[in-house]
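Worksheet: the structure to be examined is printed underneath.
Side chains included, hydrogens not; waters and symmetry mates left out as well; all remaining heavy atoms used. No experiment lies behind these values; they were computed from the predicted model shown.
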Amino acid sequence: MDSEEKPLVSILDTSAFFLHLSFQDKILTVSKVIDEIKDLRGKARLEVLIEQGLIIRDPHDDSISEVLAAAEKSGDRTVLSPTDIDILALALELKGEVYTDDFALQNTARKLGVNIHPIIQRKSIEKKWKLRCSGCGKYYSSMPDDSVCGICGSPVKRKIK
């Protein structure tokens, strides 16, 4: 390896634990992913990856804030789980590549300049989302707390821009 090249860092989403994937680089995940692994096959794969050097590490708060801001801009904030946010934040901190099939996570990753490696599905295409009331058509910059329009009371939904 060239002295200026850094080893690759792979950040694993939960779906990466249900397939037999090989990693040549440093592998990490967040504690929320570990909490999501409930079945025997996933837990067995987790043990194998730990033996291969899997590191469990959570991101810093400033990285999480950066991910949340990017998710607001992409329109994916309302569909990203806390686990998705942590995965993106860790990838942002470590300049890692995320292994996932989650399209919303991929969409926000583009906003952050985080590389994605799809697991089974194709890589998603970039989408721009807007939040719009399904009744009166009012646009929102962020999802209302109760996901309901303050004007007419109809549900606020994500729409492709």
Fill in: Check: D84/S81 side-chain N/O donor and acceptor closer than 3.5 Å
yes
Worksheet item: Does a donor on one side chain and an acceptor on the other come within less than 3.5 Å for S10 and D25?
Response: yes
Atom of [X], atom of [Y] and distance for their closest heavy-atom approach:
| X | Y | answer |
| --- | --- | --- |
| V114 | A91 | CG1-CB, 3.7 Å |
| L92 | S63 | CD2-O, 4.3 Å |
| A71 | S74 | O-OG, 3.3 Å |

Point-to-point distance, once rounded to the nearest 0.5 Å, from [atom1] of [X] to [atom2] of [Y]:
| X | Y | atom1 | atom2 | value |
| --- | --- | --- | --- | --- |
| L80 | E72 | CG | CD | 10.0 Å |
| D76 | T108 | CG | OG1 | 3.5 Å |
| I34 | L54 | CD1 | CG | 6.0 Å |
| K111 | K73 | NZ | NZ | 8.0 Å |
| L112 | E66 | CG | CD | 6.5 Å |
| I87 | I11 | CD1 | CD1 | 9.0 Å |

Is [Y] reachable from [X] through a run of I, L, V, M, F, W or Y residues, each pair having side-chain heavy atoms under 4.5 Å apart?
| X | Y | result |
| --- | --- | --- |
| Y99 | L46 | yes |
| V67 | V79 | no |
| V48 | L40 | no |
| L21 | F17 | yes |
| L19 | V33 | yes |

Report yes if the side chains of [X] and [Y] come closer than 4.5 Å at any heavy-atom pair, otherwise no.
| X | Y | result |
| --- | --- | --- |
| P155 | C149 | no |
| D13 | L105 | yes |
| R57 | L94 | yes |
| H60 | E93 | yes |

Practice prompt. Could you walk me through whether Q106 and T100 pass the side chain to side chain donor-acceptor pair (under 3.5 Å) test, one step at a time?
Written response: CA-CA 8 Å; Q106 290 181 35; T100 187; 5.5 Å; no
Discussion item. For a side-chain contact (heavy atoms from CB on, under 4.5 Å) check, start with the C-alpha distance between I85 and R77, then their side-chain angles and the critical distance, and finish with the verdict.
Written reply: CA-CA 9 Å; I85 293 164; R77 176 62 192 103; 3.4 Å; yes
Please confirm whether the backbone N or O of [Y] pairs with a side-chain atom of [X], one donor and one acceptor, at under 3.5 Å?
| X | Y | value |
| --- | --- | --- |
| D86 | P59 | no |
| D101 | I119 | yes |
| S154 | C133 | no |

Worksheet item: Which residue pairs pass the side-chain hydrogen bond (donor to acceptor under 3.5 Å, both in side chains) test with at least one member in residues 37-56, sequence neighbours excluded?
Response: H20-R45
Discussion item. One pair to check against side-chain contact (heavy atoms from CB on, under 4.5 Å): V148 and V156. What are the steps and the verdict?
Written reply: CA-CA 5 Å; V148 174; V156 175; 5.8 Å; no
Worksheet item: I55 and I27: side-chain contact (heavy atoms from CB on, under 4.5 Å), yes or no, with the steps?
Response: CA-CA 6 Å; I55 298 166; I27 52 176; over 6 Å; no
Discussion item. Using side-chain contact (heavy atoms from CB on, under 4.5 Å), reason through L8 and K26 one step at a time and then give a plain yes or no.
Written reply: CA-CA 6 Å; L8 294 175; K26 191 174 184 178; over 6 Å; no
